[in-house]
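Below: one structure, written as structure tokens.
The chains referred to below are lettered A, B, ... by the order of the sequence lines, with proteins before strands, and numbering in each begins at 1. Atoms considered below: every heavy atom in the structure, side chains included; atoms not considered: hydrogens, waters and symmetry mates.
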Amino acid sequence: MQLSEQEQIRRNALQELNKLGINAYPPEEYKVNALAADISNNFHSDETLYQDVCIAGRIMSRRIMGAASFLELMDSSGRIQLYFKRDEICQGEDKTLYNIVFKRLLDIGDIIGVKGFVFITKMGEITVHVKEFTILTKSLRPLPIVKEKDGEIYDAFTDPDQRYRQRYVDLIVNEDVKDTFVKRARVIRTMRDFLNDKGYLEVETPILQSIPGGAAAKPFITHHNALNIPLYLRVANELYLKRLIVGGYDGVYEFAKDFRNEGMSRFHNPEFTQMEIYVAYKDYFWMMEMTENMIEKIATELHGTTKVQVGDNIIDFKTPFRRLSILDAIKEHTGFDVNDMNVAQLVEVCKKLEIETDSSMGVGKLIDEIFGEKCESSFIQPTFITDYPVEMSPLCKRHRDNPELTERFELMVNGKELANAYTELNDPIDQRARFEEQMELAAAGDDEAMLIDQDFLRAIEYGMPPTSGMGIGIDRLVMIMTNQSSIQEVLFFPQMRPEAVKKVTTSDDYIKLGISSEWAEYLILAGFPNIEVLKKTKPSAIEQKLNGFRKKNKLDIAPVQLEDINNWLAIIN
RNA sequence: GAUUCGUUAGCUCAGCUGGUAGAGCAUCUGCCUUUUAAGCAGAGGGUCCCGGGUUCGAGCCCCGGACGAAUCACCA
């Protein structure tokens with residue numbers, strides 16, 4: 001492994017610590033009695049507090065001024081300044097602990113624990129005056145150095161590739177990132193509390209499914225060896241939650257990781273989280289109310305207000321949200337009344353609106369296409385779009401006033417779908433017929449049409465009470481609530497292409513070829529970056545170049561002989 | 001999948017029409033006992049993403065590839 005200069009210096013420091021009898025990775029518990037943020041928050045009001053404090057964290061910056069030093073320590077709650085004074089760290093004559101251990105063997109990034117008392121410096125900063133410190137972990141890689149003054153960030157660590165691949169570094173160095181994920185947890189906790197307060201049961205259902213149902217999407221496929229069958233990672237959990245409603249629970253919900261084998265974008269990650277809920281004896285009107293109440297509560301909980309800044313927009317989650325049927329939405333945004341139109345008429349409308357169509361599209365797909373192309377993005381404020389055509393919604397009950405439509409809503413926020421809900425289809429005869437229509441669509445070339453799940457049909461043939469169900473995209477909700485424009489910012493570890501493994505020739509590779517270890521380490525530096533170059537060069541030229549390098553760098557090794565080089569090349573060839 | 005942009009020191013980034021690779025921070029060596037993007041003086045650190053090509057000469061030009069970003073396509 002080729003180490004950078006700074007990495008090598010840190011490894012050397014680790015060895016020095018060991019020589020001094022200091023374990024840089026001690027096993028014992030380190031008892032902490034305060035957090036940085038608590039000290040910063042409370043000390044001003046009562047300066048008698050924290051006079052015997054013990055905290056631990058990572059060194060984020062150091063300012064050494066001879067026999068005194070300031071450094072910044074970061075723990076899970078935030079940062080606080082530490083003050084080290086040589087003659088207090090080292091009470092006796094031996095100043096090793098300060099001069100050597102602290103000043104030379106500690107680095108930015110190391111994790112230490114300190115004991116001391118809190119005071120306020122001349123510059124007015126709350127600071128821990130350290131009387132004793134303990135090395136808890138030596139860091140062997142230099143962190144990116146980010147500085148800040150008057151709210152301005154210098155040398156920010158911003159490269160998305162590195163930030164996502166090395167999220168741990170991102171979290172250390174960019175404090176806003178930590179906050180986003182704390183907010184994500186609060187969104188989920190608020191939602192869970194809201195649902196538990198209503199008495200609904202949190203459940204878990206299979207992620208590995210033999211029939212991927214509940215949504216129109218391409219699944220990931222895997223294989224179970226013992227059963228010798230294909231299994232799919234779920235694209236949704238809808239059909240399992242409904243089975244539980246059949247089983248007699250009044251309300252069930254699940255925070256579910258779902259998996260879709262489709263394109264990636266700043267709105268799509270192959271694995272993502274949805275919360276799905278099903279409640280018996282309710283319809284989609286009831287569900288709209290529940291959904292808007294829940295989201296209003298989340299916004300208030302997180303921001304103290306229903307108004308949330310998202311990009312250039314302020315989105316107001318004050319209930320009630322606007323409600324609009326999809327046909328009215330199309331009328332409003334395109335001027336076309338597509339109610340009762342057949343396929344030919346809809347294709348005509350699409351042509352006028354410059355929307356591409358193909359022959360596999362039915363009435364429902366065409367209407368969805370028009371809405372998606374011309375309307376969806378304009379719904380910035382929360383809006384329930386309702387009453388979608390029946391053929392796009394095979395699991396949804398027909399509309400009570402119009403059998404061509406369904407009792408379905410999607411919640412649009414900031415021009416994107418956030419939630420999707422139905423009055424669930426519980427008529428087993430109709431459900432079977434709808435699955436069969438899906439099969440026809442599949443035969444016509446729709447590769448996302450749903451498969452028939454016979455066991456699900458069996459379940460609802462026993463009788464599923466009238467039920468309303470809703471699914472809400474947690475990642476997109478968190479994006480909105482934390483004002484992030486990319487899903488990668490709200491997932492700790494977004495999917496990335498595997499990191500390219502750099503094929504680098506190292507001195508070890510040369511040693512393996514029988515080249516003496518003392519020369520192997522200099523070959524790369526002397527202008528032979530890989531074996532191919534070595535092969536192409538004449539033996540005498542190699543000899544001259546290496547011995548020239550030896551002389552120039554005053555190396556304390558014997559000059560290389562032409563005979564040695566011929567031996568190397570013999571092994572290579 | 002398409003188009004555009006990017007990839008140079010540990011980090012953030014310069015690098016003109018092709019002529020021996022630069023800055024700030026970080027690192028190292030000194031000095032400095034309340035500093036705070038600490039300061040002052042000095043030093044070291046590079047397979048310019050990879051592979052070909054053109055050229056006397058390529059970080060820069062040409063071709064191919066890897067990875068990332070944005071936009072589009074796909075995507076309930």
Side-chain angles (χ1 to χ4, degrees), chain A residues 2-10 12-13 61-72 79 81-88 98 104 107-109 119-125 127 129 140-165 169 173 214-218 235-236 260-268 270 272 356 364-365 368-369 371-372 376 385 388 392-396 408 410 416-417 419-420 447-448 450 471 473 485-486 488 496-506 524-525 527-530 532-533:
Chain A
Q2 200 77 8
L3 296 177
S4 71
E5 182 193 28
Q6 292 192 46
E7 286 173 302
Q8 195 54 59
I9 287 167
R10 283 170 183 241
N12 295 344
S61 72
R62 296 207 293 172
R63 292 180 285 278
I64 296 177
M65 300 164 306
S69 301
F70 289 90
L71 55 167
E72 226 181 343
R79 298 180 183 213
Q81 183 169 266
L82 306 182
Y83 177 63
F84 279 65
K85 203 165 166 182
R86 186 188 61 208
D87 296 339
E88 290 195 34
Y98 182 83
R104 302 186 47 179
D107 288 292
I108 290 174
F119 75 111
I120 296 180
T121 65
K122 277 185 194 164
M123 300 299 289
E125 180 150 351
T127 300
H129 187 125
L140 296 182
R141 283 176 186 263
L143 282 174
I145 303 292
V146 180
K147 297 207 170 185
E148 182 258 320
K149 190 193 186 183
D150 303 331
E152 192 138 349
I153 309 276
Y154 297 81
D155 298 332
F157 178 64
T158 52
D159 179 9
D161 187 38
Q162 293 198 73
R163 286 186 50 230
Y164 302 151
R165 287 188 199 279
V169 174
V173 152
K218 296 180 194 106
V235 295
R260 296 188 182 176
N261 203 344
E262 290 163 355
M264 289 161 60
S265 74
R266 68 193 176 93
F267 294 104
H268 301 87
F272 63 102
E356 280 185 39
K365 193 92 181 165
D368 187 45
E369 203 66 21
F371 179 79
E376 186 172 293
I385 302 296
Y388 287 68
M392 308 158 47
S393 313
L395 303 168
C396 182
R408 170 178 183 178
E410 288 194 354
K416 279 274 168 191
E417 177 199 342
N420 180 21
D447 58 358
E448 291 184 342
M450 289 186 199
S485 60
S486 157
Q488 293 158 308
M496 302 286 275
R497 213 178 280 266
E499 217 166 337
V501 184
K502 258 195 186 174
K503 180 69 192 99
V504 173
T505 304
T506 67
I524 294 164
L525 298 172
F528 298 100
N530 58 52
E532 295 309 307
V533 175

Can you find an N or O donor on one side and an acceptor on the other, under 3.5 Å apart, linking the side chain of A/Asp159 with the base of B/G68? no

Heavy atoms only, 4.0 Å cut-off, all strands: where does A/Arg266 land among base, sugar-phosphate and nothing? sugar-phosphate

Should stems be defined as at least three consecutive Watson-Crick or G-U pairs with both distances under 3.5 angstrom, which of them involve RNA chain B? B:1-7 with B:66-72, B:10-13 with B:22-25, B:27-31 with B:39-43, B:49-53 with B:61-65

Pair of N/O donor and acceptor under 3.5 Å linking B/U27 base with A/Glu5 side chain: no

So, does the side chain of A/Glu72 form a donor-acceptor pair with the base of B/U36 at under 3.5 Å? no

Classify the side chain of A/Glu148 and the base of B/A37 as holding, or not holding, a donor-acceptor pair under 3.5 Å. no

Would you please confirm or rule out a distance under 4.0 Å between OP1 or OP2 of B/U35 and any side-chain N or O of A/Arg63? no

Tell me, with the steps shown, if A/Thr127 and A/Glu125 meet side chain to side chain donor-acceptor pair (under 3.5 Å). CA-CA 6 Å; A/Thr127 300; A/Glu125 180 150 351; 5.4 Å; no

To the nearest angstrom, the CZ-C1' distance between A/Arg165 and B/C67 comes to 7 Å

Are A/Lys149 and B/A37 close enough that a side-chain N or O sits under 4.0 Å from OP1 or OP2? yes

One pair to check against salt bridge (charged side-chain N to carboxylate O under 4.0 Å, His left out): A/Arg165 and A/Asp161. What are the steps and the verdict? CA-CA 6 Å; A/Arg165 287 188 199 279; A/Asp161 187 38; 2.8 Å; yes

Any side-chain N or O of A/Gln162 under 4.0 Å from OP1/OP2 of B/C11? yes

Find the distance A/Glu262:CD to B/C72:P and express it as a whole number of Å. 18 Å

Rounded to the nearest Å, what distance is computed from the CD atom of residue A/Glu376 to the C1' atom of nucleotide B/C75? 11 Å

Among B/A76, B/U34, B/G68, which is the nearest nucleotide to the side chain of A/Phe119? B/U34

Check whether any side-chain heavy atom of A/Arg63 lies under 4.5 Å from a side-chain heavy atom of A/Gln81, and answer yes or no. yes

It should be established whether A/Gln488 places a side-chain nitrogen or oxygen under 4.0 Å from OP1 or OP2 of nucleotide B/A69. yes

To the nearest 0.5 Å, what is the distance between CD (A/Glu88) and OH (A/Tyr83)? 7.5 Å

Report yes if a side-chain nitrogen or oxygen of A/Arg104 is closer than 4.0 Å to either non-bridging phosphate oxygen (OP1 or OP2) of B/U29; otherwise report no. yes

Just how far, in rounded Å, is C1' of B/A38 from CD of A/Glu125? 12 Å

Is A/Lys416 close enough and on-axis enough to A/Phe267, meaning under 6.0 Å and within 45°, for cation-pi? yes

